[in-house]
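Here the structure is a predicted model, which is why all the values come from computation and not from measurement. For this chain, numbers begin at 1 and follow the sequence in order.
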Amino acid sequence: MSMGMRMMVVGVVVVMFLVQMVASSDLRPGFYSETCPNAEVIVRDVMKRALAVEPRSVASVMRFQFHDCFVNGCDASMLLDDTPTMVGEKLALSNINSLRSFEVVDQVKEALENACPAVVSCADIIIMASRDAVALTGGPDWEVRLGRLDSLSASQEDSNEIMPSPRANASALIDLFQKYNLSVKDLVALSGSHSVGQGRCFSIMFRLYNQSGSGRPDPAIDYGYREELERLCPLDVDQNVTGNLDSTPLVFDNQYFKDLVSGRGFLNSDQTLFTFPQTREFVRFFSRNQDQFFKAFVEGMLKMGDLQSGRPGEVRTNCRVVNPRPAHLLFESQHNLLSNNKSIYDI
């Protein structure tokens with residue numbers, strides 16, 4: 001192949017099949033101010049419509065950031081569908097029959113592609129949509145840092161190894177969060193995402209009937225609340241039946257922490273935050289001061305949103321599949337798309 005033809009092919013591949021890398025230092029507010037100035041408005045408008053159609057869908061999207069960022073960084077790997085050569089994260093133990101409302105992200109992506117084709121990453125959509133889910137249900141609003149890229153693959157195995165079970169205790173959760181430089185305070189504050197939404201009977205059957213293999217219920221559950229849960233989730237129940245995660249499931253507030261203090265936490269991984277000494281005082285503090293909870297929650301979401309793998313990435317045009325390409329072009333960052341000698345190509 002002649003040099004001129006080679007450079008022409010490289011140029012076409014750069015435009016059509018760009019694969020880039022991004023570091024957390026590249027993330028910044030207003031990242032799309034020139035390339036897609038209405039990006040955040042578009043995302044929020046779609047989220048408003050989703051909330052009007054089905055409030056629970058917004059609560060589900062709110063938790064996407066946690067499930068995405070803890071597994072190899074915030075790269076939208078959790079949105080990828082399985083392929084013949086890749087088993088993705090949607091059917092991982094912590095996600096199957098639990099994560100839902102992927103269609104809301106599809107709707108956001110479609111709206112953004114109509115306005116700004118191939119500009120806004122699915123990873124950034126998760127960050128913006130999670131923020132909007134909180135703000136639209138009564139919680140805090142904040143400025144997000146953007147500029148992430150989408151992964152080229154996903155790993156069910158990694159998700160299974162990393163993500164905690166509903167049975168997890170506070171000690172295990174503390175250890176997990178510390179691996180990501182997230183503090184005990186971050187853990188408790190971010191657990192407040194369970195202020196909205198619902199959980200499945202599947203996740204609490206052991207608490208009600210066989211806590212720690214005892215053949216008895218979890219003694220930390222308030223007696224009256226346990227009776228409510230037993231009516232909701234009898235032994236012969238369809239375990240996909242759902243119950244409220246706190247007593248104000250449509251409003252993002254600090255009621256979740258008040259419920260934990262009263263022994264009315266739905267999940268074991270929630271109630272353990274009050275029974276464990278290292279986390280108990282943060283639960284008490286947030287139960288008494290909603291403003292401080294909101295502040296700590298925002299800080300935790302920003303820190304979690306900075307988790308990056310450093311692996312090659314792209315801006316997917318469909319969040320469920322990677323872009324087709326004849327070659328991989330790697331760049332150091334989204335800020336250096338065509339800088340000198342930064343590309344690696346294989347023609």
Side-chain angles (χ1 to χ4, degrees), residues 29-33 35-69 74-81 89-90 95 97-148 150 192-200 240 242 244-246 248-253 255-256 294 297-298 301-302 304-305 315-321:
F31 184 85
Y32 299 107
S33 59
T35 55
C36 192
N38 291 324
E40 295 191 50
V41 173
I42 291 170
V43 176
R44 183 156 296 197
D45 283 347
V46 175
M47 291 296 290
K48 286 178 180 177
R49 293 197 295 272
L51 178 64
V53 172
E54 185 189 3
R56 188 184 171 199
S57 67
V58 172
S60 300
V61 172
M62 183 188 302
R63 289 185 273 280
F64 279 10
Q65 181 172 329
F66 172 56
H67 287 257
D68 184 41
C69 293
C74 308
D75 60 2
S77 59
M78 60 158 284
L79 298 179
L80 288 173
D81 290 339
E89 298 164 24
K90 288 182 176 178
N95 298 342
N97 294 325
S98 178
L99 287 188
R100 52 197 299 279
S101 303
F102 293 104
E103 70 279 359
V104 175
V105 174
D106 294 338
Q107 292 163 12
V108 173
K109 184 60 174 172
E110 181 180 6
L112 286 168
E113 287 298 303
N114 288 336
C116 318
V119 171
V120 181
S121 69
C122 301
D124 278 343
I125 289 174
I126 289 176
I127 298 296
M128 290 184 280
S130 297
R131 182 270 312 273
D132 292 348
V134 174
L136 292 172
T137 52
D141 202 348
W142 64 94
E143 189 173 53
V144 291
R145 296 190 280 265
L146 304 171
R148 294 163 192 80
D150 301 323
S193 66
H194 288 172
S195 169
V196 294
Q198 297 180 318
R200 294 184 300 146
N240 286 318
T242 58
N244 296 332
L245 289 174
D246 81 350
T248 56
L250 299 180
V251 180
F252 190 96
D253 55 18
Q255 184 62 46
Y256 164 83
F294 283 2
F297 184 84
V298 170
M301 289 290 277
L302 289 171
M304 182 166 58
V315 175
R316 291 182 213 141
T317 56
N318 178 342
C319 292
R320 293 176 179 264
V321 297

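Rounding to the nearest 0.5 Å places OG1 of Thr242 at 10.0 Å from CZ of Arg200. Expressed to the nearest 0.5 Å, how far NZ of Lys109 lies from CG of Asn318 amounts to 8.5 Å. The structure places CZ of Arg49 at 12.0 Å from CG of Leu51, a figure rounded to the nearest 0.5 Å. One finds the CZ atom of Phe102 at 12.5 Å from the OG atom of Ser57 (value rounded to the nearest 0.5 Å). Within the model, atoms CE of Met304 and CD of Gln65 stand 4.0 Å from one another, a figure rounded to the nearest 0.5 Å.
For Glu54 and Arg100, the salt-bridge test passes: some basic side-chain N is under 4.0 Å from an acidic carboxylate O. Ionic pairing of Asp75 and Arg148 is not present here: no N-O contact between side-chain nitrogen and carboxylate oxygen is shorter than 4.0 angstrom. A salt bridge is absent between Arg131 and Glu143: the closest approach of a Lys/Arg side-chain nitrogen to an acidic carboxylate oxygen does not fall below 4.0 angstrom.
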For side chain to side chain contact (heavy atoms under 4.5 Å, CB included), just list the numbers for Glu89 and Ser77, CA-CA rounded to whole Å, side-chain angles, deciding distance to a tenth of an Å, and then say yes or no.
-> CA-CA 7 Å; Glu89 298 164 24; Ser77 59; 2.8 Å; yes

Run the numbers on Asp124 and Tyr32 for side chain to side chain contact (heavy atoms under 4.5 Å, CB included), then give the verdict.
-> CA-CA 10 Å; Asp124 278 343; Tyr32 299 107; 2.5 Å; yes

Show the numbers, then the answer: is there a salt bridge (charged side-chain N to carboxylate O under 4.0 Å, His left out) between Arg63 and Asp68?
-> CA-CA 9 Å; Arg63 289 185 273 280; Asp68 184 41; over 6 Å; no

Candidate pair Glu110 and Asn114, rule side chain to side chain contact (heavy atoms under 4.5 Å, CB included), full reasoning | CA-CA 6 Å; Glu110 181 180 6; Asn114 288 336; 4.0 Å; yes

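In this pair, Trp142 and Phe297 present their aromatic rings perpendicular. The plane angle is above 60°, beyond the 30 to 60° band.
The shortest distance between side-chain heavy atoms of Val144 and Met301 does not fall below 4.5 Å. At a threshold of 4.5 Å between non-hydrogen side-chain atoms, the residues Asp132 and Val43 count as touching. In this structure the side chain of Arg316 never reaches within 4.5 angstrom of the side chain of Val321, judged on heavy atoms. Looking at heavy atoms from C-beta onward, Arg145 lies out of side-chain contact with Ile127 at the 4.5 angstrom threshold. Counting only heavy atoms from C-beta outward, the side chains of Asp106 and Arg320 approach each other to under 4.5 Å. When side chains are defined from C-beta on, Val58 counts as touching Thr137, because their heavy atoms get closer than 4.5 Å. The closest side-chain heavy-atom distance from Phe252 to Pro140 is below 4.5 Å. At a threshold of 4.5 Å between non-hydrogen side-chain atoms, the residues Ser60 and Met62 do not count as touching.
Residue Cys319 comes nearest to Ile125 through the heavy atom pair SG-CD1, 4.4 Å, listed as atom of the first residue, atom of the second, then distance. Pairing each heavy atom of Val105 with each of Phe64, the nearest pair is CG2-CE2, 3.7 Å. Nearest heavy-atom pair across Gly197 and Ala59 is CA-CB, 3.6 Å. In terms of heavy-atom proximity, Leu245 sits nearest to Gln198 at CG-C, 3.7 Å. Across Val315 and Val120, no two heavy atoms sit closer than the pair CG1-O, 3.6 Å. Among all heavy-atom pairs drawn from Ser130 and Ile126, the shortest one is OG-O, 2.8 Å.
Side chain of Lys90 to main chain of Leu79: a donor-acceptor pair is present (N/O by atom type, distance under 3.5 Å, no hydrogens or angles).
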